[in-house]
Amino acid sequence: MSITIRVATREDLPALHPVIERAYRGETARQGWTHEVDLNIDGTRTDIPTLAAIVDDPAQRLLIAEADEQPIGCVQVSHKGDGLAYLGLLCVDPTLQSGGLGKQLVSAAEATARDAFGARAVEMTVIDRRAELIAFYERRGYAVSGEKRDFPVPLDPPLFMDVLVKPL
């Protein structure tokens with residue numbers, strides 16, 4: 001399978017959005033290992049207007065991974081200023097996880113952070129209960145900073161995010 005990673009456009013979003021939802025939410029997400037199904041998070045992970053805002057923002061890049069011109073994953077890179085970029089929305093179609101595409105997307109995001117935004121470091125947030133996902137990022141050179149942030153959606157009981165950082 002030949003994989004291409006490139007900057008997403010608005011035209012990509014209708015086909016990319018279902019890949020994101022399958023990777024994070026619903027029973028199909030259980031086919032992979034990076035889902036949020038067991039965390040009692042209801043609703044969608046994102047929507048097309050939110051993705052369009054990322055695509056339209058010059059301080060952000062949404063990278064899309066494609067195979068046979070079909071989206072199979074993505075990652076978001078945001079310029080935070082002062083040499084810092086944020087990596088988020090990393091996903092791979094659940095049926096293709098554990099094949100190395102996540103690693104490729106992380107590497108592409110880091111290169112974009114460096115080349116497009118002049119970043120010297122990248123940060124991300126991961127739900128603190130996701131030990132296996134945190135370990136994945138630690139194997140890529142990220143370190144848990146000790147900082148915690150609130151999960152962006154209020155839940156009962158609440159979820160918290162660990163901040164991970166990697167120098168570039």
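Computed over heavy atoms, backbone and side chain alike; hydrogens, waters and symmetry mates excluded. The chain is numbered in sequence order, starting from 1.
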With side chains defined as the heavy atoms from C-beta onward, is the minimum distance between [X] and [Y] less than 4.5 Å?
X      : Y      : answer
Val122 : Tyr142 : yes
Glu66  : Ile72  : no
Thr125 : Phe151 : no
Cys74  : Leu90  : no
Phe160 : Asp150 : yes

Considering all heavy atoms of both residues, which atom of [X] and which atom of [Y] are nearest to each other, and what is their separation?
X      : Y      : result
Ile3   : Ala65  : CG2-CB, 4.4 Å
Ala113 : Ala85  : CB-CB, 3.6 Å
Leu87  : Ala109 : CD1-CB, 3.6 Å
Pro71  : Ile64  : CB-CD1, 3.6 Å
Ala119 : Leu168 : O-CD1, 3.7 Å

Query raised in the report: For Arg149, which residues count as a salt bridge (charged side-chain N to carboxylate O under 4.0 Å, His left out) partner, sequence neighbours excluded?
Result: Glu123, Glu147
Query raised in the report: What residue pairs, at least two apart or across chains, pass side-chain hydrogen bond (donor to acceptor under 3.5 Å, both in side chains) with a residue in residues 158-168?
Result: Glu110-Lys166, Lys148-Asp162
Distance from [X] atom [atom1] to [Y] atom [atom2], nearest 0.5 Å?
X      : Y      : atom1 : atom2 : result
Leu101 : Ile5   : CG    : CD1   : 6.0 Å
Leu89  : Ile20  : CG    : CD1   : 4.5 Å
His17  : Asp12  : NE2   : CG    : 14.0 Å
Glu21  : Cys91  : CD    : SG    : 9.0 Å
Arg114 : Arg120 : CZ    : CZ    : 13.0 Å
His79  : Leu84  : NE2   : CG    : 9.0 Å

Query raised in the report: Sequence neighbours excluded, which residues qualify as side chain to side chain donor-acceptor pair (under 3.5 Å) partners of Glu11?
Result: Thr9
**Report entry** Charged tip of Arg140 within 45° of Phe136 ring normal and under 6.0 Å
**Finding:** yes
For residues 49-63, run the donor-acceptor check on the side chains, cut-off 3.5 Å, and write out each pair with its distance to 0.1 Å, sequence neighbours left out.
from: Thr50; atom 1: OG1; to: Asp47; atom 2: OD1; distance (Å): 2.6
from: Asp56; atom 1: OD1; to: Arg10; atom 2: NE; distance (Å): 3.1
from: Asp56; atom 1: OD2; to: Arg10; atom 2: NE; distance (Å): 3.1
from: Asp56; atom 1: OD2; to: Arg10; atom 2: NH2; distance (Å): 2.5
from: Asp57; atom 1: OD1; to: Ala59; atom 2: N; distance (Å): 2.8
from: Asp57; atom 1: OD2; to: Gln60; atom 2: NE2; distance (Å): 2.9
from: Gln60; atom 1: OE1; to: Gln76; atom 2: NE2; distance (Å): 2.5
from: Gln60; atom 1: OE1; to: Ser78; atom 2: OG; distance (Å): 2.9
from: Arg61; atom 1: NH1; to: Pro58; atom 2: O; distance (Å): 2.9

Report summary line: In short, salt bridge (Lys or Arg N to Asp or Glu O under 4.0 Å) pairs touching residues 67-91 with sequence neighbours left out are none
Query raised in the report: Got a sec, which hydrophobics cluster with Val165, joining ILVMFWY side chains under 4.5 Å apart, including via others?
Result: Val163
